[in-house]
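Treat the numbers as computed from the prediction; the structure is a model and nothing was measured.
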Amino acid sequence: MLKYFKKRYIIAVAASGFFFVAASFKDDFFEIAKQIEIFTTLFKTVNQNYVDEINPAELMDKAIKSMLADLDPYTNYFNEQDVVKFKINNTGEYTGIGAMITRKEDKLIIKEPYKGFPADKAGLKAGDAIIQIGDVLLSDFKDDASQLLKGAKNTKVDIKYIRQGKTLSCQLILDEVEIKAVPYFAKIDDKTGYIVLSAFNRKTTQETKAALEKLKADGAQRIILDLRGNPGGLLNEAVNVCNLFVPKGETIVTTKSKNSKYNNTYKTSNEPIDLDIPLAIIVDGKSASASEIVSGALQDLDRAVIVGCRSFGKGLVQRPIDMTYGTQVKVTISRYYTPAGRCIQALDYWHKDKDGKAVRTDASKYNAFKTKKGRTVYDGGGIQPDIELADSKLSTIAEVLQKNDGIFNYVTYYYYKNPNLGDKIPTITDADFADFKSFLKKEKISFDTETELALKTTLEKAKKEKIDETIGVQYDQLMAALQKSEETLLDKNQKEIKKLILDEIIKRYQYKEGLYLYYTKNNVEIAKANAVLANPTEYNKILQ
């Protein structure tokens, strides 16, 4: 009877397209089969009886993604279109327009055109808002509109876009786009080489190795590896990047899981490029995953000095698993541990607060570990740099201004006011900062802090309960006080915000390459990393 029962329900599970769920469990077979049958019945019942026509594929897509979102942010379901994008991120290659874009309401906003690629060649600029692609009005297209800008090489795509209130049109010719893992490297003085590593895709080690060898051939005797803003990627590429600087056979990372087949120790397998060249690594709060494997391993092995601010703290490993109909699920399969034994995961997704948010590990609960030479390092909250710089960490108000496009939109306005700046580096004056604050008010750019959002939610509830008139005066007073405090925060963090504005301005006129060039001469973190490398006594003292 049991054998018949299992056979019957395995067929039911496979037919519903969810066999991958059953395969991930060893026990509780009855409960799994029961829940799948309930869900399948519910899905069919709603589809057959709902008052209006529904889109079964869209409904299922949302159901699966909502279910997985309750686990952690990294366990994701990819439909056929998502799979294409996921593979692009891992390979660094695709055919398209060559620009970073984002959807905002009924428009696609060009955030950054890449130099020399189709969007740039067609004259598109950061801030342009695409409203139509071919015959498709984006106001009528609710799916992923970026897919309309992909296709075979040399495909011609007509678009309409808004720039500074005017509707313009142009034709894009799709081409192969290569997203470089190493977008920039150069000597920053007679002895120091600088390498920006922005992603961990299949070309990361190859590009990093080529940059390192070229810099050494040009006379570099010390190296700065910049991992700021690098969200990570392929684990094996992180191991291979470490291998450029450490011996063959060295343990870089260990993964541990409840599923023993995912328990692995990753060691270097090649001969290194240079075991002795002094090395500094720069990280920030957006350096995550594979970036933390590299910085954490080279810190534990006393092979590099880490500079900047504490990294993001992602100690979880995912694996993509192919499923039926070209879909895929990326599952968190294990935690990873640095050579010293640290898991640097910062957020606990399995113990959430009353609002359903993951709890951050308290610093008092961090555990101490020892590096190869006996230095003390800690787990639990990302990689803590050997040299922490206060200026590396973004203030809350700066994070908000980046998130709500306050700085981005202001620089778009600035760009068209100053069309002939070229490669000149402007000074952001107090008058410019006052202009920036006026722009935020004029454009009604909301800071949407937690307090502000809570206040707006309260007003919406009051309107529903028809008591908004009663609390209207108090609401206005609170909102005015809140906005005044936000303006105070703007002034308090003026130096930091001016720097972010200048960074965005340089990128508009000189592309990302111009910004990296500017950094090599003017960035605090790079200057500190270089100073440490140039002082062998200080460098060796840190690593002993």
Participant: Considering only heavy atoms from C-beta outward, does the side chain of Lys499 approach that of Asn522 to under 4.5 Å?
Facilitator: no
Participant: Under 4.0 Å between a side-chain nitrogen and a carboxylate oxygen: does that hold for Asp353 and Arg360?
Facilitator: no
Participant: Could you check whether Arg222 makes a cation-pi contact with Tyr539, meaning its NZ or CZ is under 6.0 Å from the centre of the six-membered ring and within 45° of the ring axis?
Facilitator: no
Participant: In the structure I gave you, are the side-chain heavy atoms of Lys512 and Lys180 within less than 4.5 Å of one another anywhere?
Facilitator: no
Participant: Less than 4.5 Å apart, side chain to side chain, heavy atoms only: is that true for Gln164 and Thr412?
Facilitator: yes
Participant: Going by side-chain hydrogen bond (donor to acceptor under 3.5 Å, both in side chains), name the pairs with one or both residues in residues 389-398, residues two or more places apart or in two chains.
Facilitator: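 Every side-chain hydrogen bond (donor to acceptor under 3.5 Å, both in side chains) pair that includes a residue of residues 389-398, provided the two are not neighbours, is Ser392-Glu525, Ser395-Glu496.
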Participant: Closer than 4.0 angstrom, basic N to acidic O: yes or no for Asp128 and Arg163?
Facilitator: yes
Participant: Quick one: do Asp106 and Lys142 make a salt bridge, cutoff under 4.0 Å?
Facilitator: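 Lys142 and Asp106: salt-bridged.
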Participant: Taking ring pair (Phe, Tyr, Trp, His ring centres under 6.0 Å) as the test, write out the residues that go with Tyr509, two or more places apart.
Facilitator: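 For Tyr509, the residues satisfying ring pair (Phe, Tyr, Trp, His ring centres under 6.0 Å) (neighbours in sequence not counted) are Tyr415.
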Participant: Any non-hydrogen side-chain atom of Leu421 less than 4.5 Å from a side-chain atom of Arg508?
Facilitator: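 With C-beta onward as the side chain, the pair stays apart.
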Participant: For the pair Asp284 and Lys286, find out whether any cationic side-chain nitrogen is under 4.0 Å from an anionic carboxylate oxygen.
Facilitator: no
Participant: Do Lys330's NZ or CZ and the ring of Phe78 fall within the cation-pi criteria of under 6.0 Å and 45°?
Facilitator: no
Participant: Mind checking what makes ring pair (Phe, Tyr, Trp, His ring centres under 6.0 Å) contact with Tyr516, not counting sequence neighbours?
Facilitator: Tyr184
Participant: Tell me whether Lys314 is salt-bridged to Glu292, with the criterion being a basic N under 4.0 Å from an acidic carboxylate O.
Facilitator: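 So Lys314 does not pair with Glu292 through a salt bridge.
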Participant: Quick one: are the ring centres of Tyr413 and Tyr410 less than 6.0 Å apart?
Facilitator: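 Centroid separation for Tyr413 and Tyr410: below 6.0 Å.
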